[in-house]
2 protein chains.
Amino acid sequence: MVSIKDIAAACNVSTMTVSRAINGSDEISRETKERILKMCDKMGYRPNAAARNLVLNKTDMIGLVIPDIANQYYAYMSKGVSSYLEKLGYGLVLCNSDRNADNERRYLDFLTQRRVDGIILIPIRYHVEDYANLVNVTPFVQVDNYVLDLNASYIGNDNYIGGRKIITHMLSLGYRRIGAILSNKNSTASNERLKGYLDAHREQGVAVDEDILLRSNATFEDGYKLAEVLIDKKVDAIFGINDTVALGVMKYCYNRRVKVPRDLGVAGYDDIEQAAMFPVPLTTVHQPKIRLGEAAATVLLNEINNENHQKQKVILQPELVVRKSCGE
Amino acid sequence: MVSIKDIAAACNVSTMTVSRAINGSDEISRETKERILKMCDKMGYRPNAAARNLVLNKTDMIGLVIPDIANQYYAYMSKGVSSYLEKLGYGLVLCNSDRNADNERRYLDFLTQRRVDGIILIPIRYHVEDYANLVNVTPFVQVDNYVLDLNASYIGNDNYIGGRKIITHMLSLGYRRIGAILSNKNSTASNERLKGYLDAHREQGVAVDEDILLRSNATFEDGYKLAEVLIDKKVDAIFGINDTVALGVMKYCYNRRVKVPRDLGVAGYDDIEQAAMFPVPLTTVHQPKIRLGEAAATVLLNEINNENHQKQKVILQPELVVRKSCGE
DNA sequence: TACATCGACGTTAACGTTAACGTTAACGTC
DNA sequence: GACGTTAACGTTAACGTTAACGTCGATGTA
């Protein structure tokens, strides 16, 4: 591979002059610069990033650590991160932890060794100590999941408001027994949405029956199964903690000839692609996934480039998407 | 950031001894090795990858250039690439070209400058010359899309067989006028599947009416619109070039009270997540997306590590997935 | 004339690491 | 006792690039 030295030799100048030509310094005459650049092109010269990293002490690389790239939510978020970084000339190192703590740890080590300029992390562990060896080593921001006491900026969606919005909407349509299929108790997103559920009821003066608040693994199958349970409990609507669950509910209704929304209102959360495609389109909460990625990248690059990096907390607002599954 | 020198000083040894301790050389006594490693841990030493790259002439990084990470097909493929690379200690640089030729070119330049050890590319341009400056610079493989005369290994799914399989299946169920909603004429995948469509008809001795072979942009909306056109042309089944199109067709049928599969058979291609979730689950062709990524990574790493890199052509076989939308 | 200024370049050292080779002490061998 | 062997280190140079400083002729300036 041709190096700066080869160019220098071919042009009868020092390597420093070549360096100046490449990096657009003004301490070089226009003619030599053009002569050198032409030679670079001719000889197929490509700057060696490793050598640059070493002396410049930066890599123009950002690490992204996510639980699952095949998940639409993270995929869209990654797209937002990627497109934002591309504009600024940064590269993206994708680390798919597969929801495995060991993988996450290894990836974080990998990234710090690579000296990436910063890390965007969707943490899957719960305690500060889990991320102790990251702090003060590489600038990083946490997205979506909030690790208590972790001294890092946070970028997330407002799950509380989202939950409150959609439940308020359902209550306003007259539903009075809204069953909920939630995630497990560790999920902060689920818990926040539940809080929104409860507050919406309080505001509207509607009593809450805890017996129709169910936990699940938030899968399509769980939605299908628990729909039956909830319908037995005489609910008049079901709120799925995400769209996948809600679609499971709708599938059950279709099979059992329960008409949505006439016999049962259904709502989800996330606004995944299939929500709009379903025969009875799903009323749901839209989360700005791409913007979430962009915001994370924005905050991170800000911290990288500014000395006085105040830790930030950016909460994006979700939007109610009214379709057919709850009536209108 | 603490370097090998700091460790050396702290341990009263030379930097080379530290290097040996870190890299597991056997030219070092067990005691010194342990003493050094303990110090590394204590001082929080992290090897500088850039420095290593420079002297070892490799980066343990692989570039992945894809059209759209938010597309399920590519997302799953990326997951396959990622998990395979992770096992072997390689990192992944994700480049989302957004189906933009300029972006793709810039990304390829970026990757070669970073001296990634290899590139996995889903090309979006059609001509060899478009990728001329990549050949003989970095090992790379092309996936999914085949660029004619490009001297690189290819890993893809067998679209011809997939198309033939599903059409044969439909014909065997008795359908005789199978309308098709294809992509544009540049799409090799679409063309191959069409070839399968035609051959299946020939084999079964069923005449083809070219009037019911339609081009489209392969979107949900196109599926919805063209379903009406085809039904007017008295088809008894519709084959969508992908599941999204097919779901558009199903949505039209639902709205117009056309019973699937009783009044109309519907089939798709890809086996995306929503295909199984639909009220009437979609009969389709399953493409091994994760395995595609794994295969691409396997072939690439093979070429990187073996001198005598014979270019390969790996074609994965798709599988028919029979659900309800065509009867059984 | 003497001296400062400036443009355009070269020289040197450094970034952190490892390969290749050199060194040394301890031990064995005849 | 002379020499070889080996284990366990150290030294040096190199990877490709750039920051910092030096040089040198040309041009202005009093």
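- With a 4.5 Å cut-off on side-chain heavy atoms, B:Leu316 and B:Arg291 count as touching.
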Show me the side-chain donor-acceptor pairs of residues 65-75 of chain B shorter than 3.5 Å, one per line, residues at least two apart or across chains.
from	atom 1	to	atom 2	distance (Å)
B:Asp68	OD1	A:Lys79	NZ	3.2
B:Asp68	OD1	B:Ala70	N	3.0
B:Asn71	OD1	B:Tyr73	N	2.8
B:Gln72	OE1	B:Glu273	N	3.1
B:Gln72	NE2	B:Gln274	OE1	2.9
B:Tyr73	OH	B:Asp144	OD1	2.6
B:Tyr73	OH	B:Asn157	ND2	2.8

Begin from the C-alpha positions of B:Arg30 and B:Glu34 and carry the test side-chain contact (heavy atoms from CB on, under 4.5 Å) through to its verdict. CA-CA 6 Å; B:Arg30 174 190 294 258; B:Glu34 282 178 3; 3.8 Å; yes

For B:Ile4 and B:Tyr45: C-alpha separation, side-chain torsions, deciding distance, then whether side-chain contact (heavy atoms from CB on, under 4.5 Å) applies. CA-CA 8 Å; B:Ile4 207 174; B:Tyr45 167 72; 4.3 Å; yes

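- A salt bridge does not link B:Lys289 to B:Asp270: none of the charged side-chain nitrogens sits closer than 4.0 Å to a carboxylate oxygen.
- Nearest heavy-atom pair, B:Ala152 versus B:Gln142, reported as atom, atom and distance to 0.1 Å: O-NE2, 3.7 Å.
- Comparing A:Lys5 and A:Ile22, the nucleotide of DNA chain D nearest to each residue sits closer to the 5' end for A:Lys5.
- Here the closest heavy-atom approach between residue B:Val116 and residue B:Thr138 is recorded as O-CG2, 3.6 Å.
- With no hydrogens or angles considered, no side-chain donor-acceptor pair links A:Tyr146 and A:Glu192 at under 3.5 Å.
- A:Asp130 places no side-chain N or O within 3.5 Å of a backbone atom of A:Arg125 that could act as its donor or acceptor partner.
- Reading DNA chain D from its 5' end, the first and the last nucleotide to sit under 4.0 Å from a heavy atom of chain B are D:dA8 to D:dG16.
- A:Ser25 places no side-chain N or O within donor-acceptor distance of the main-chain N or O of A:Ala21, the cut-off being under 3.5 Å.
- At a threshold of 4.0 angstrom between heavy atoms, the contacts of A:Asn23 are confined to the sugar-phosphate backbone, with no base atom among them.
- Considering all non-hydrogen atoms of both residues, A:Val147 and A:Val128 come closest at CG1-N, 3.9 Å.
- For the residue pair B:Asn53/A:Arg114, the side-chain donor-acceptor check at 3.5 Å is not satisfied.
- Side-chain atoms of A:Tyr90 and A:Leu301, non-hydrogen and from C-beta on, do get closer than 4.5 Å to each other.
- Near DNA chain C, meaning a heavy atom under 4.0 Å away, the residues from residues 36-54 of chain A are A:Leu54.
- Applying a 4.0 Å cut-off to non-hydrogen atoms, none of the residues of residues 105-113 of chain B approaches DNA chain C.
- A:Asp102 has a carboxylate O that lies under 4.0 Å from a charged side-chain N of A:Arg105, or vice versa, which qualifies the two as a salt bridge.
- The stretch residues 24-32 of chain A touches DNA chain C through A:Glu27, A:Ile28, A:Ser29, A:Thr32, each having a heavy atom under 4.0 angstrom from the strand.
- We find that A:Lys311 and A:Glu303 are joined by a salt bridge, their nearest charged nitrogen and carboxylate oxygen being less than 4.0 Å apart.
- In DNA chain D, runs of at least 3 stacked Watson-Crick or G-U pairs (N1-N3 plus N6-O4 or O6-N4, or N1-O2 plus O6-N3, all under 3.5 Å) give these stems: C:1-30 with D:1-30.
- Residue contacts shown for A:Ser3 are limited to sugar-phosphate atoms, with no base heavy atom under 4.0 Å away.
- Two residues, A:Ile4 and B:Val18, neighbour DNA chain D, and the one matched to the more 5' nucleotide by heavy-atom proximity is B:Val18.
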